[in-house]
Structure formats: C-alpha cells, structure tokens
Protein chains: 2
Amino acid sequence: MTQALKFRQAPSPLKASCHQCSLSNLCLPLAIQDNDLDSLEDIVQQGRIYSRGEHVFDQSTPFRSCFAVKSGSIKTSIITEGGEEQVTGFFMPGELVGLDSMSGESYACTAKALERTTVCEFPIDKLEELTGKLPELQHHMYHLMSQEIQNSHQLAMLLSKNTAEERIASLLLSLSSRFQRRRMSPTNFSLPMARNDIANFLGLAVETVSRVFTRFQNQGIIRARGREVELLNVEALQMVTREFSRQGCQQ
Amino acid sequence: MTQALKFRQAPSPLKASCHQCSLSNLCLPLAIQDNDLDSLEDIVQQGRIYSRGEHVFDQSTPFRSCFAVKSGSIKTSIITEGGEEQVTGFFMPGELVGLDSMSGESYACTAKALERTTVCEFPIDKLEELTGKLPELQHHMYHLMSQEIQNSHQLAMLLSKNTAEERIASLLLSLSSRFQRRRMSPTNFSLPMARNDIANFLGLAVETVSRVFTRFQNQGIIRARGREVELLNVEALQMVTREFSRQGCQQ
DNA sequence: CGTCCAAGTTGATGTAAGTCAAACCGTACT
DNA sequence: AGTACGGTTTGACTTACATCAACTTGGACG
C-alpha cells in the first residue's frame, strides 16, 4: 500500500457523501427529500474497494448490512449443500444488494465482485430505524423488494418457458437498459460477467451460451469479441424475446 | 344464497377480528404485540368469499391491497403479452398475497382462488402507514418480502438445475411442511391445485407431472389418487430432492 | 342413471440442449 | 519469449423431456 493511499483511506467506517454521489438518482437517495439526505448519510458507510473475485459477503455469515453498488459490479449466488452454485443476480451501480437476506440471521447468498468494485454499506438496523421515520424511504424499500420479487418471477418464467436464444436475448436487453439508465451506451458495452456466469444464471450450459452468441453474430444481430458486446440490431433481439408469442402466427 | 347466509354477511367492508383468528400465529399478527393488534384490526377488511376459479385481483388493474389467505388457497400467475401463463406461486392460509405488486400502480400478477376461499384485505396505504408506526410490523414485512425473494430464487434454481422428479419431490415437501405449520397432517393431504398448475409452476408438461406421480407411486414413495396424496416415505422424497448432491458419490 | 366434458393417464416419437472431448485463445507469470 | 492455465469456442453424440395422439376417469348436470 502506497503512502498516498494511506492518506486518502482514513480508518473506516468512512462517511459517504450521498449529496455528491453521481448515482443519487438511481440509489436510495432517489426516494427522499434533499433535507432528509443528511439522515441517510448519517447511517451509510463508505465500503472498501473489492478487487475481482473478492466476496462482499458470504452465505450463512451473520447478516448486517445491505450494499449499494457504487462502481463495478456484483454477482450473487446460492451454494447448495451439494456444492452446486446458482447465480441469482447481477448488480450494477445504483442497485441494492442483500434484500433477499432480510428474513434471517444470515445472508441468503454470497456476493462476489465481478471486477474492481466499490460499494456503500447500509447497516440494516439503522436502515430499518430510518425507514420507520421516513415514509418515502420505507415506500422505496418496499418498491425495491417488490421489484426484486418480480425480477425473480421473470427469471423463473424465462427458465421454464423460453429457449436458449430467448433467454440470452432477454439478458442482453436487460443489461442494455441498465447501462442506458446510467447514461452509458445501450448498444456498446462490456459484459461484467463470464460466459460461465451467464450460463449458470440462465440455466444453460456454457457451450450453449457460446453457440448462441456465435449464432446471433452470424445473423448480424450482435457483434461479440470476448466480453465486448455490440448490439447491432436491437429490434431483432426484441423479436427473439417475443418470438414465443407465436400463437398461430406464421413467423 | 340462503336466508342464514344473508344474515351473517353484513354489508362489507366488515371488520375482521385478528384477536380471534386461528391464524394469528402465522399471519401478520404474529409480528406484533397484543396491544397493537387493535391498530391492525382497524385497517384490515374482511374480504368476501371467492368460489373456485374467481379472481381475487387481476394483473394490470390498480394495486390497492395485499390479501391474507384465511381459508382455501390461491394461485398467482403472470400472463404474458402472448397469452402464455406462468404460475408464480400457491398461497395457503396465513400467507400474504400481493407483495410482488408493491412496486407499481397495478398488480403484477393475477390471483385466482383454487377452491372456496376467504381472505383478509389490507389496504396498502393504510398498511404502509401502520408499518411506519410499528417497527416490528415493518420488520415483519421486510421479512416476508425477503422470504418471497428467496422462495423465487429457490424456484429458479429448481427450474434451471433439477430434474422433473426433483422438482415434484420439492413441491410435495414444501406443501407438506406448509400443511404441518397449520397443524394438519404433513403426510396426508389434498392438493389444492390441478396437475396443470403444478406442471406450469414447475416448468414441466402435464404429461411429465403425471408420469412422475405414477413413478413415485410405483416406487412406494407416495400414494396418489387424483388430488388426494399420501406421502408414504418422506425420507425417500428428501433423498430425491438432494439426489443432485451426487458429487462422486455412487448413490 | 346415462351423458358429457374436463382432467388425468399412458404410449410413441421428435428435438433442444446437455455432455464429452478437443482445440483455441488471451493474458499472467517466470 | 515461452509456458501455463482459465475462459471460450466448436464438433459429435446422448438424453430428458416436450409433443402428439389416443385412451381413461370422474364429477356435474339434465
């Protein structure tokens, strides 16, 4: 660790500044008035920097906090007794990780940084206390959790009804819109996760994911080199996801 | 409708009595002190009786309330633009329906009574107001929503990793434990849903569900006649669900 | 009590995606 | 520069389950 770093990194927990955060229109601050922002800042802790592969938290360890992704990205997954992994989600800047763990003493999943990642930490007891005082914040928490239930239902639907192509098209479009929300290119981005994670998340074999990527590429729908992806024909992708609406329709 | 019924059914909304409800140890009252129970009773409305097949609420209609199942059972499902149905859950007495709809103006799914069913209705604005005042109730709401996220992740896992037999064994065991919580026989119960619903929920074809049922029956694990089910060998069922933990293990 | 229709079962066949195996990167490390 | 090792791609073969089709059961109802 260099001298310079030592100076900048004060002994954590370091207070984060929601006021100055560029993600305040995506993250929790989105829900509350400017003058209540201070009380949120009072409870949030600046998390440390996680490098690729590091665990932000581990399944079955005591549940203390939810984490908002500040930069980078996080993958959450459940590990079964048998050692099987199931990826349950990918989290990008402005998104809140840990909502599935609010029903027990310990984390319901493991959160792993997919790249160099920074987070803000919200200790759960303080967060609950605060949401009790700020109805809009409470409402937003309900909103976020409900959203996550819906997302998960959507995933279940994808897994049970859709083909490999449809699943991958859906994922690409989901990522695309999430990049767009952050004012980044919706058609030209770099996948934060490995093919393996995509496969696991979508209930496919790695080989299948690979094959679909090349098939899409050959059809001129996308261009992919490693993790770099370019969506050449978004409409075609949307067609693929809705392909299953072929109720007597010939195409 | 008989005379007697007309007398008992006062013009709704009728106030429900949580104090006297036999489900108070499963439902929302579980979370709060006896002296706060009155404030919960103040907001809850006695719902009407739904007969089999009736909708309790419909996807895309304005979201007003969450519903606790009092008797009977409810199936929730999403209908896609293409008209495809995806069953997202089954709800039994004491369970809360509608948590996935708290992020929008309208219900995220359709809730249909699987049999003659009664519910208690919690208007969402009043419920939010109350959870702002009762920290334990707020905590419980977080708990329930988090649980639902976990359930849905569990389902996704089942759908993406497990065989037809494993999925059905899991469902049977889940139902079993939910009957048990209600002090009913965990080994001898009647399925509230049709084979079709089971198939849809588990991402299988009806025929497959049927075949697995008979296979289990031939193996002496269960006895099934229509919707009547008897679990003859719970351990065997548990073995089936964990079968995928065969990492080099010979059995 | 017979009729009817939906729900459930059983059998035969097709297929999307898994599995196994091998080659091919890209990049990190000595 | 050479080696080593994930991650990725491609091909050949297998399989669990879907699909299609026929038959059976059972409860609602005149």
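These numbers were taken from a predicted model, which means no experiment stands behind them.
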Taking everything shown except Arg227(B) itself, do over 12 heavy atoms lie less than 6.0 Å from its CZ?
yes
List for me each residue that meets side chain to side chain contact (heavy atoms under 4.5 Å, CB included) alongside Ser106(A), sequence neighbours excluded, and say none if there are none.
none
Can a donor-acceptor pair be found between the side chains of Thr241(B) and Gln238(B) at a distance below 3.5 Å?
no
Specify the residues of residues 197-207 of chain A, ordered by number, for which at least one heavy atom lies under 4.0 angstrom from an atom of DNA chain C.
Gly203(A), Leu204(A), Ala205(A), Glu207(A)
Give the rounded distance in Å between these two atoms: CD of Glu228(B) and P of dG26(D).
13 Å
My understanding is that only residues two or more places apart in sequence, or in another chain, count here; which of them pass ring pair (Phe, Tyr, Trp, His ring centres under 6.0 Å) with Phe91(A)?
none
Chain B reaches DNA chain C, atoms under 4.0 Å from its heavy atoms, from dG8(C) to dA12(C)
In whole angstroms, how far is the C1' atom of dA18(D) from the CZ atom of Arg167(B)?
12 Å
Heavy-atom nearest pair, Gln150(B) first then Ser101(A), reads NE2-CA, 4.5 Å
When rounded to whole Å, the CG to P distance for the pair Asn162(A) and dC17(D) reads 18 Å
Who passes side chain to side chain donor-acceptor pair (under 3.5 Å) against Gln59(A), sequence neighbours left out?
none
Partner residues of Arg182(B) under the side chain to side chain contact (heavy atoms under 4.5 Å, CB included) criterion, sequence neighbours left out:
Leu26(B), Met92(B), Pro93(B), Phe179(B), Met184(B)
Between Phe57(B) and Phe67(B), is the gap from one ring center to the other below 6.0 Å?
yes
Under 3.5 Å, is there a donor-acceptor pair between the Ser71(A) and Thr118(A) side chains?
yes
So if I take residues 208-224 of chain A and measure heavy-atom distances to DNA chain D, which residues fall below 4.0 Å?
Ser210(A), Arg211(A), Thr214(A)
Determine all donor-acceptor pairs shorter than 3.5 Å in which one atom belongs to a side chain in residues 198-213 of chain A; sequence neighbours excluded.
{"residue": "Asn200(A)", "atom": "OD1", "partner": "Val87(A)", "partner atom": "N", "Å": "2.8"}
{"residue": "Asn200(A)", "atom": "OD1", "partner": "Lys161(B)", "partner atom": "NZ", "Å": "3.3"}
{"residue": "Asn200(A)", "atom": "ND2", "partner": "Glu85(A)", "partner atom": "O", "Å": "2.9"}

Here the distance between atom C1' of dT8(D) and atom CZ of Arg227(A), to the nearest Å, is 11 Å
Taking side chain to side chain donor-acceptor pair (under 3.5 Å) as the test, write out the residues that go with Glu165(A), two or more places apart.
Arg215(A)
If the condition is side chain to side chain donor-acceptor pair (under 3.5 Å), which residues does Glu121(B) pass it with, not counting sequence neighbours?
Ser65(B)
To the nearest Å, give me how far apart CG (Asn196(B)) and P (dA18(D)) are.
13 Å
Axis bend over the full length of the helix from dC1(C)-dG30(D) to dT30(C)-dA1(D), computed from five pairs that close each end, to 10 degrees
40°
Identify the pairs formed between an N or O of the protein and an N or O of nucleotides 27-30 of chain D at a distance under 3.5 Å, and give each distance.
none

Under 3.5 Å: donor-acceptor pair, side chain of Thr117(A), backbone of Gly72(A)
no
Side-chain touch Met157(B)/Thr80(A), heavy atoms, less than 4.5 angstrom
yes
Side chains of Thr187(A) and Glu230(A), donor plus acceptor under 3.5 Å
no
